[in-house]
Colleague: 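Would you mind keeping the following structure in view while I ask a few things?
Ligands are counted one by one from 1 in listed order, and the atoms in each one are counted from 1 as well.
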Amino acid sequence: MPTAATRLARKRLRLILLGALAVLCAVFALAYPRLERAFQIDIGDRDRATLELATQVLRGGLARTEALPALLAERPLLSALLRDPDNSGLLPFVNEQLRQSALSLGVSDIYLMDPTGLTIAASSYRTERSFVGRNFAYRPYFTEALAGGLGRFHALGTTSNERGYFFAAPVLDGTEIAGVVAVKITLDAFETTWAESGATIIVQDMSNVIFLSDRADWHFRTLGPVPEIGLEAIALTRQYPIAALRPLPARRDALAGSPYEIVTIEDDAGRETLIMQTGLIAAAGLRLSILSPAYPAQVQALNVLTIAGLVVLFVILGAAVIWQRRIRLVERLEAQRDEQARLEARVLDRTRDLDAANAQLRQEIEDRVRAEAQLRKTQAELVQAGKLAALGQMSAALSHEFNQPLAAVKAYAENAATFLDRDRATEARENIVLISAMADRMASISKHLRNFARRPQDKTGPVPMRPVIQDAIDLMRPRLEAAGARLVYAPPEVEIWVTGGRVRLQQVIVNLIGNALDAMDTAEQPEITLSLTVAGTRCLLQVSDAGPGLSDDALAQAFDPFFTTKPPGQGLGLGLSISYNIVRDFNGRLRAANRAQGGAVFTVELDLTDPPADIAAQ
Ligand code: ADP
C-alpha cells in the first residue's frame with residue numbers, strides 16, 4: 001500500500017529520471033559537434049600521408065620529363081631539318097626517330113616546330129591525329145621555349161583531346177634558335193592510381209580549375225572563382241574548353257583547429273561532405289588536394305555517443321531500479337508496520353473483551369459459589385427440618401415407648417418396696433435389676449434420638465452399612481412395634497463399607513421405613529423387608545413394603561420437594577426429596593419402583609469402598 005512518503009519518492013524518482021535524460025540529451029547535443037570535428041581532424045591526419053605521396057609521385061613524374069626536350073634539342077638531325085625543312089630525304093628520318101624516342105621514353109608525343117610554331121616533324125606522323133602541319137604558336141610552352149627558356153604547360157590537347165603536360169626547349173642552330181622541340185605526357189595514369197586510394201584526389205591550377213581528378217565528372221570544373229585574367233589566358237592559350245568551366249556546387253569552410261577544410265557539395269544527386277587538404281607543386285603551378293568523405297567521422301561520433309549514452313543510461317537505469325527497490329522495500333516495511341499495528345489493536349480489543357468476559361465469569365462463579373453455599377445451608381436446614389418432622393411423626397410412638405417402661409419401672413419399684421417390707425430381699429433385688437434394665441433401654445432410645453436430632457457433623461467417608469441399618473431399626477422400633485409391623489432383615493455376614501455419612505444414611509433409612517409404615521397403616525399384618533447386597537462396585541439397600549405402591553403421579557414426582565399424598569399435618573413432602581439429595585451427595589442413587597407382587601420398593605445405591613486402615617488391620 002503506497003503511502004504519501006513513497007508516492008513522493010516515486011514522483012521524485014520520475015522527475016530525476018526525466019531530468020537525467022534531459023541533461024544527457026543536452027550533453028550529447030553539445031558534445032556531438034566537437035566529437036565529430038575531432039574525428040574529422042583524425043581523417044584529415046590520416047589523409048596527410050596519402051596527400052604527400054600523391055604530390056611526390058606527380059612531382060617526380062613531371063620532373064622526369066622536364067629535362068627531356070633539352071636533351072632531344074641537342075640532336076643535330078633536328079637542327080638540320082629546321083635548316084632545310086623541305087628536305088624530303090631527312091624528314092621521314094626525323095619523324096621516325098621522334099617516334100622511336102617517344103616509344104622508348106614512354107612519353108605521349110615528341111614534336112618539332114619551326115619558329116612560326118608550325119609542326120614539321122612529330123612522333124605521331126603516322127597516325128590519324130598527326131601533329132605534323134599543325135601550328136602551336138598559341139601555346140605558352142612554345143613562346144617560352146622560343147624565348148630561350150624551358151617551356152611548360154598543361155592543357156587539353158587540341159589535336160588529341162587528351163589532357164597532357166607539355167615541356168618544350170629551343171633547338172639551336174649554332175647560337176640561333178631555329179625551332180622548338182616539345183614533349184607531351186599524358187596524366188591519366190596518375191588518376192588511375194589515385195582511384196585506388198579510396199579518397200578523391202584533385203589537381204587544380206592557379207585559376208582554381210580542376211585539371212586532374214579520379215572523378216572524371218569533375219574535370220575542368222572549378223572549386224573557387226576563376227580570376228578574370230586567368231579566364232582570358234585560358235581562352236588565348238586554348239588551355240581548356242571554356243564551356244566546360246563550371247563551378248562545382250560546393251561550399252568551403254575551414255575545419256576549426258586544423259589546416260583542413262570542409263567541402264560540402266550539394267547537387268541533384270544529393271549532399272556530400274568531404275574533408276579537404278591541399279599541397280602545392282610550385283614548379284608546375286599546380287595544387288594537389290585530397291578529399292575524404294566526412295561521414296565516417298559522423299558515424300564514429302554517433303557510435304561513441306551512443307555507447308557512452310547507453311553506458312550512462314544503463315547506470316541511471318541501474319540506479320533507478322535500486323531506488324525503486326528501496327521504495328518498494330520501504331512500502332513493504334510500512335505495510336508490515338501497519339498490519340502489525342492493526343493486529344496489536346485487534347489483540348488489545350480481544351484482550352479487553354476477554355478481560356471483560358473473565359470478570360463476568362468470575363462474578364458468575366462467585367454468585368454460583370454463594371448460591372451453592374446458600375443452597376447447602378438451606379438443604380442442611382431442610383434435612384434438619386425433615387429429621388424433626390420424622391421425630392414429630394414418631395412422637396406418639398416415642399411417648400408410648402417411654403410410658404411403657406416408665407409404667408413397668410413404677411410397677412417394679414412398687415413390687416420391690418413390697419418385697420423389702422416383707423424382708424424378701426432376693427425378690428426385691430430382682431425387681432431393682434429389672435428397673436435398671438428398663439432405665440438402660442430408655443437411655444438407649446434417648447441416645448438414638450439425640451444422635452438423630454443433632455445437626456449433622458458427620459464427614460463423608462467409609463461407613464459400615466450393618467451398624468447404620470441396625471441403628472435406624474433401633475430408632476424405628478417403637479413405631480414398628482406400635483404398628484404391629486414385622487421387619488424382615490437378614491444382615492450379611494461380612495461388613496459392607498460404602499462412601500457416605502453415618503447419620504445422614506441413617507436418616508435416609510429411617511425415612512424409607514417411616515414411609516413404608518405410612519403406606520401400610522391400614523394393613524392388618526404390615527411387613528417391611530430390608531435387603532443389603534453387593535452388585536459389582538455398588539452396594540444395594542432395598543426397602544420394600546406390602547402397601548399399595550406408588551401412583552403414577554407419585555412415581556413421577558416422589559422425589560420433588562413438597563410432593564405428598566398425605567393429609568395435612570401428616571406429611572410435608574420433604575422426606576424423599578431430602579433423602580434423594582443425601583444419596584446423590586455420596587455419588588449414589590435413590591430409585592423408586594413398584595413390586596410385581598404389590599407394594600413399593602426403594603433402592604439406595606452407593607459406591608463400595610475399603611474400610612479405614614485401622615479397622616481393616618483388625
Ligand atoms: P411425606 O411422607 O411427607 O408425604 P415423602 O417425600 O416421604 O413425604 O413422600 C412423598 C410421597 O411419596 C408420599 O406422600 C407418598 O405418596 C409417596 N410414598 C412414599 N413412600 C411410599 C411407599 N412406601 N408406598 C407408597 N407411597 C409412598
Colleague: May I ask you to say whether Asp349 pairs ionically with Arg346, meaning some side-chain N is under 4.0 Å from a carboxylate O?
Modeller: no
Colleague: Is it true that Phe559 lies under 4.0 Å from ligand 1, counting heavy atoms only?
Modeller: no
Colleague: Show the atoms of ligand 1 that are less than 4.0 angstrom away from any heavy atom in Phe563.
Modeller: 10 (C), 11 (C)
Colleague: Counting heavy atoms only, which of Leu576, Thr565, Asn515 comes nearest to atom 15 (C) of ligand 1?
Modeller: Thr565
Colleague: Sequence neighbours left out, what passes salt bridge (Lys or Arg N to Asp or Glu O under 4.0 Å) with Arg328? Give chain and number order.
Modeller: none
Colleague: Of all the heavy atoms in Gly547, does at least one lie under 4.0 Å from an atom in ligand 1?
Modeller: no
Colleague: Please check if the number of heavy atoms outside Phe39 that lie under 6.0 Å from its CZ is greater than 12.
Modeller: yes
Colleague: Tell me, please, which residues at least two apart from Phe28 pass side chain to side chain contact (heavy atoms under 4.5 Å, CB included).
Modeller: Leu24, Leu305
Colleague: Under a 4.0 angstrom heavy-atom cut-off, which atoms of ligand 1 come close to Asp545?
Modeller: 22 (C), 23 (N), 24 (N)
Colleague: Does atom OH (Tyr489) have a neighbourhood of more than 12 heavy atoms from anything else shown, all under 6.0 Å?
Modeller: yes
Colleague: Checking the N or O distance criterion of under 3.5 Å, is ligand 1 in contact with Lys566?
Modeller: yes
Colleague: Can a donor-acceptor pair be found, under 3.5 Å and without considering hydrogens, that links the side chain of Asn581 to the backbone of Ser577?
Modeller: yes
Colleague: Counting from 1, what ligand 1 atoms have a heavy atom of Gly549 closer than 4.0 Å?
Modeller: 25 (C), 26 (N)
